[in-house]
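Quick one: this structure, given as structure tokens, is what I'll be asking you about.
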Amino acid sequence: GAVVSQHPSRVICKSGTSVKIECRSLDFQATTMFWYRQFPKQSLMLMATSNEGSKATYEQGVEKDKFLINHASLTLSTLTVTSAHPEDSSFYICSAIVAASAKNIQYFGAGTRLSVL
Amino acid sequence: GQQVMQIPQYQHVQEGEDFTTYCNSSTTLSNIQWYKQRPGGHPVFLIQLVKSGEVKKQKRLTFQFGEAKKNSSLHITATQTTDVGTYFCAVQTGANNLFFGTGTRLTVIP
């Protein structure tokens, strides 16, 4: 159980375009989802915490107008990278926590590799 | 702010040798989690430690939580090529947020 689906797995786009990434919890409800960015050979850096029905909480240094997060339902959160530039190229991974679970275990999606030309 | 260091950063071992990675925090932790990320893959939850001095085993993997709850270790006995990947410890910050350590990249030479 606790499967998280992330789509697309790979995106190549031109500079200036916007890219939307979806994160779905397939077999559970997730009131909280997380978005991370991971540069090559580095650790995961939390970008924002996405809460169903409310505004996302962004980490320091992450532009909320650049990385739009929407968590409209208990099974879906989306991250939109607006006006992407080459420096936004990275591996973006979402994770989700099972709603009402006492265990703070995060289940990760497969990630989206974004390449901005 | 939260600081979590893992050592070593990289480790190359011959298949069959043991491997250990250490995670050290600057603050006392409520719990600690370990994740494994295969090359090109995503992190997968391995275990959560909560109690001071706790030791848990999963087949060839042994996880320890320090008595002071400031450090933890992951030990793999007799490594196999399937153990290749990066091992991250992660500590809880705030209500649900996790702060990931720097990771230890393990290479197993057949």
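Note on naming: letters A, B, ... go to the chains in the order of the sequence lines (proteins, then strands), and numbering restarts at 1 for each one.
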The reported gap from CD in A:Gln42 to OG1 in B:Thr86 (rounded to nearest 0.5 angstrom) is 12.0 Å
Pair count under 4.5 Å, heavy atoms only, with chain B: among A:Met45, A:Gln38, A:Arg113, highest is A:Gln38
Joint hydrophobic cluster, A:Ile93 plus B:Leu98, side-chain heavy atoms closer than 4.5 Å: yes
Can you pull out every disulfide (SG to SG under 2.5 Å) where at least one residue sits in residues 34-86 of chain B? Sequence neighbours excluded, please. none
Does A:Ser43 reach the main-chain N or O of B:Gly103 with its side chain, forming a donor-acceptor pair under 3.5 Å? no
Calculate, to the nearest 0.5 Å, the distance between atoms NZ and OH belonging to A:Lys41 and B:Tyr10 respectively. 5.5 Å
Side-chain donor-acceptor pairs under 3.5 Å in residues 65-76 of chain B, sequence neighbours left out?
{"from": "B:Glu67", "atom 1": "OE1", "to": "B:Ser52", "atom 2": "OG", "distance (Å)": "3.4"}
{"from": "B:Lys69", "atom 1": "NZ", "to": "B:Ser30", "atom 2": "O", "distance (Å)": "3.3"}
{"from": "B:Lys69", "atom 1": "NZ", "to": "B:Val50", "atom 2": "O", "distance (Å)": "2.9"}
{"from": "B:Ser72", "atom 1": "OG", "to": "B:Trp34", "atom 2": "NE1", "distance (Å)": "3.0"}
{"from": "B:Ser72", "atom 1": "OG", "to": "B:Gln64", "atom 2": "O", "distance (Å)": "2.5"}
{"from": "B:His75", "atom 1": "ND1", "to": "B:Phe19", "atom 2": "O", "distance (Å)": "3.4"}
{"from": "B:His75", "atom 1": "ND1", "to": "B:Thr20", "atom 2": "OG1", "distance (Å)": "2.6"}

Within a 6.0 Å radius of atom NZ on A:Lys64, are there more than 12 heavy atoms belonging to other residues, nucleotides or ligands? no
B:Lys36 atom NZ: more than 12 heavy-atom contacts under 6.0 Å: yes
Between B:Gln6 and chain A, with a heavy-atom cut-off of 4.5 Å, which part of the residue counts as in contact: side chain, backbone, both or neither? neither
Residue part contacting chain B, namely of A:Ile97, when any heavy atom lies under 4.5 Å: side chain
Using the side chain to side chain contact (heavy atoms under 4.5 Å, CB included) rule, take A:Val4 and B:His42 through it: C-alpha gap first, then chi angles, then the decisive distance, then the call. CA-CA 11 Å; A:Val4 175; B:His42 60 281; over 6 Å; no
Applying the 4.5 Å side-chain criterion to the ILVMFWY set and letting contacts propagate, would A:Phe34 and A:Tyr107 be lumped into a single cluster? yes
Interchain contact, A:Gln60 with chain B, by part (heavy-atom threshold 4.5 Å): neither
The reported gap from CG in A:Leu44 to CZ in B:Phe99 (rounded to nearest 0.5 angstrom) is 11.0 Å
So, taking the atom named CG in B:Asn97 and the one named OG1 in A:Thr32, what distance separates them when rounded to the nearest 0.5 Å? 8.5 Å
Do A:Gln106 and B:Gln33 get their side chains close enough for a donor-acceptor pair, meaning under 3.5 Å? no
For the residue pair B:Phe45 and A:Phe108, is the inter-centroid distance of their aromatic rings smaller than 6.0 Å? no
Please classify the contact between A:Leu46 and chain B as side chain, backbone, both or neither, with a heavy-atom cut-off of under 4.5 Å. side chain
Check whether A:Leu76 and A:Leu68 end up in the same hydrophobic cluster, where Ile, Leu, Val, Met, Phe, Trp and Tyr are linked by side-chain heavy atoms less than 4.5 Å apart. no
Heavy atoms from other residues, nucleotides or ligands near OH of B:Tyr22 exceed 12 (cutoff 6.0 Å): no
Surrounding NE2 of A:His7 (heavy atoms of other residues, nucleotides or ligands, distance under 6.0 Å), is the total greater than 12? no
